[in-house]
Amino acid sequence: MVYQPILDLTDDACHSAEALIRLNDPDLGTIRPDEFIPVAEAEGSIRAVGETVFRQVCAFMASGKATAAGIHYMEVNLSGGQLSQKGLAEELYRITRSYGLTPEMLNLEITESMLLENLPEIRENLEQLRKLGFALSMDDYGTGFSSTRMLNTIPFTLVKLDRSLLEPAVTDENARVVLQYTMQMVARLDKKVLVEGAETVEMVELIRAFGGNYVQGFCYSKPLTEEEFLSFLKRKNPSSKEE
Ligand code: G
Ligand code: G
Ligand code: MN
């Protein structure tokens, strides 16, 4: 797993990160999740992959090293195959507790495209996860149908705007209007807003000016290994206590 730091604009510190899987194959090198997650979905190993990911993030959080350096929670991506699994919420809760963690330390990311089928078991899992105390983030908002009904009917606490909303906003006035008012809408719905794909300081400042809560992107940091991430936190969160 690698971790991409998330910048909290309220104090310009890092209190969360997104866990991202990498597959290192001795012959093929690094294979990106875009390539192998669909394969795992198709051949039926996605639940095992998802559980391994979740356990690794839990183990890292349970080490206490990240929390001692100012981390409050981790964002973990769920796949469609996991989300349609009966009893997923109870299973993730059981694993979380077995590491001595609370669900508040884990935010689960779901993309809008997973919700389009509108399967009852997916809705039930999401409602149950929220009831058990996990936070839910809508991922890649702006790439699918940008359905406002999804925002309203599923108890998301954070909405992550896709970088395709940010990129054109730097130069194009109409794109800036779409970004600004999408951000305002999310805020008015009482959800936190994160903008992904900030590659320049100019982009970060645009997000700040539009009232964003969080920023993720290469300008702040690329995804880092556990060790790199901990030393990043020591540099960026200077007041954090080391154990
Ligand atoms: O890190 P990268 O940009 O290569 O990620 C590509 C895609 O793979 C992203 O959409 C991301 O959400 C997804 N992804 C990364 N890690 C995981 C994971 O652990 N589980 C699932 N289901 N998807 C992941
Ligand atoms: O779909 P999801 O949002 O989960 O994907 C996150 C992925 O986006 C990460 O795997 C990361 O590699 C990629 N990413 C993160 N920051 C940036 C950025 O600033 N620019 C670009 N082009 N990609 C980014
Ligand atoms: Mn994600």
Side-chain angles (χ1 to χ4, degrees), residues 1-7 14 16-25 28-61 73-85 88 92 95 106-115 122 125 129 135-144 146 156-170 192-207 212 214-226 228-229 232:
M1 299 303 296
V2 288
Y3 298 90
Q4 186 174 33
I6 292 170
L7 171 66
C14 178
S16 62
E18 178 175 1
L20 296 157
I21 193 171
R22 296 287 180 264
L23 183 62
N24 297 311
D25 183 271
L28 301 171
T30 302
I31 307 170
R32 304 193 69 86
D34 286 335
E35 289 182 67
F36 72 82
I37 293 284
V39 177
E41 293 263 12
E43 57 116 52
S45 57
I46 191 66
R47 291 175 188 183
V49 171
E51 182 173 335
T52 303
V53 164
F54 194 75
R55 284 185 180 276
Q56 281 209 22
V57 177
C58 282
F60 182 39
M61 284 302 272
Y73 60 88
M74 283 292 185
E75 298 271 337
V76 186
N77 292 285
L78 292 187
S79 67
Q82 281 178 284
L83 215 53
S84 53
Q85 177 187 352
L88 176 80
L92 294 186
I95 295 172
L106 299 152
N107 272 25
L108 305 172
E109 295 192 0
I110 294 110
T111 63
E112 186 185 27
S113 58
M114 289 175 203
L115 305 171
I122 290 187
N125 271 331
L129 282 165
L136 302 178
S137 303
M138 177 176 274
D139 201 4
D140 301 334
Y141 191 70
T143 53
S146 306
F156 289 108
T157 38
L158 173 72
V159 178
K160 302 184 77 173
L161 304 194
D162 191 73
R163 66 171 177 267
S164 58
L165 287 180
L166 174 63
E167 205 179 29
V170 176
K192 302 284 188 194
V193 61
L194 178 154
V195 183
E196 293 189 294
E199 296 183 353
T200 62
V201 174
E202 189 186 10
M203 286 173 168
V204 175
E205 291 316 314
L206 188 66
I207 297 161
Y214 306 100
V215 179
Q216 188 177 340
F218 295 155
C219 176
Y220 189 47
S221 176
K222 64 180 174 61
L224 304 171
T225 63
E226 238 178 70
E228 292 169 336
F229 178 55
F232 174 91

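Since the structure is predicted, the reported quantities are computational estimates derived from the model, not experimental observations. First listed ligand is number 1; within each ligand, the first listed atom is number 1.
- Every heavy atom of K160 sits 4.0 Å or more from the atoms of ligand 2.
- Atom 3 (O) of ligand 2 has E196 OE2, 2.5 Å as its closest protein atom, hydrogens excluded (heavy atom only).
- Counting protein heavy atoms only, atom 16 (N) of ligand 2 is closest to Q4 NE2, 3.0 Å.
- Distance check for atom 9 (C) of ligand 2: a protein heavy atom is found below 4.0 Å.
- Nearest protein heavy-atom contact of atom 5 (O) of ligand 1 is P33 CG, 3.5 Å.
- Nearest to atom 6 (C) of ligand 1 by heavy atom, out of T52, V2, D34, V53, is D34.
- For E199, the closest heavy-atom approach to ligand 2 falls below 4.0 Å.
- Nearest non-hydrogen protein atom to atom 23 (N) of ligand 2 is R163 NH1, 3.1 Å.
- When hydrogens are left out, the protein atom nearest atom 1 (O) of ligand 2 is D140 OD1, 2.9 Å; that is the closest non-hydrogen contact.
- With atom 4 (O) of ligand 1 as the reference point, the heavy atom nearest to it among R32, M114, Q82 is part of R32.
- Closest protein heavy atom to atom 21 (C) of ligand 1: N77 CB, 3.7 Å.
- In this structure, OH in Y214 is found 7.0 Å from CG in L158, a value given to the nearest 0.5 Å.
- Ring pair F229/Y3 is parallel by interplanar angle, where below 30° counts as parallel and above 60° as perpendicular.
- At least one N or O atom of I21 sits closer than 3.5 Å to an N or O atom of ligand 1.
- Nearest N, O or S atom of E18 to the Mn ion (ligand 3): atom OE2.
- Between the side chains of N125 and Q85, not a single donor N or O lies within less than 3.5 Å of an accepting N or O.
- Among protein heavy atoms, the minimum distance from atom 22 (N) of ligand 1 is reached at S79 CB, 3.5 Å.
- Within D139, the N/O/S atom positioned nearest the Mn ion (ligand 3) carries the name OD2.
- In terms of N/O distances under 3.5 Å, ligand 2 is approached by F218.
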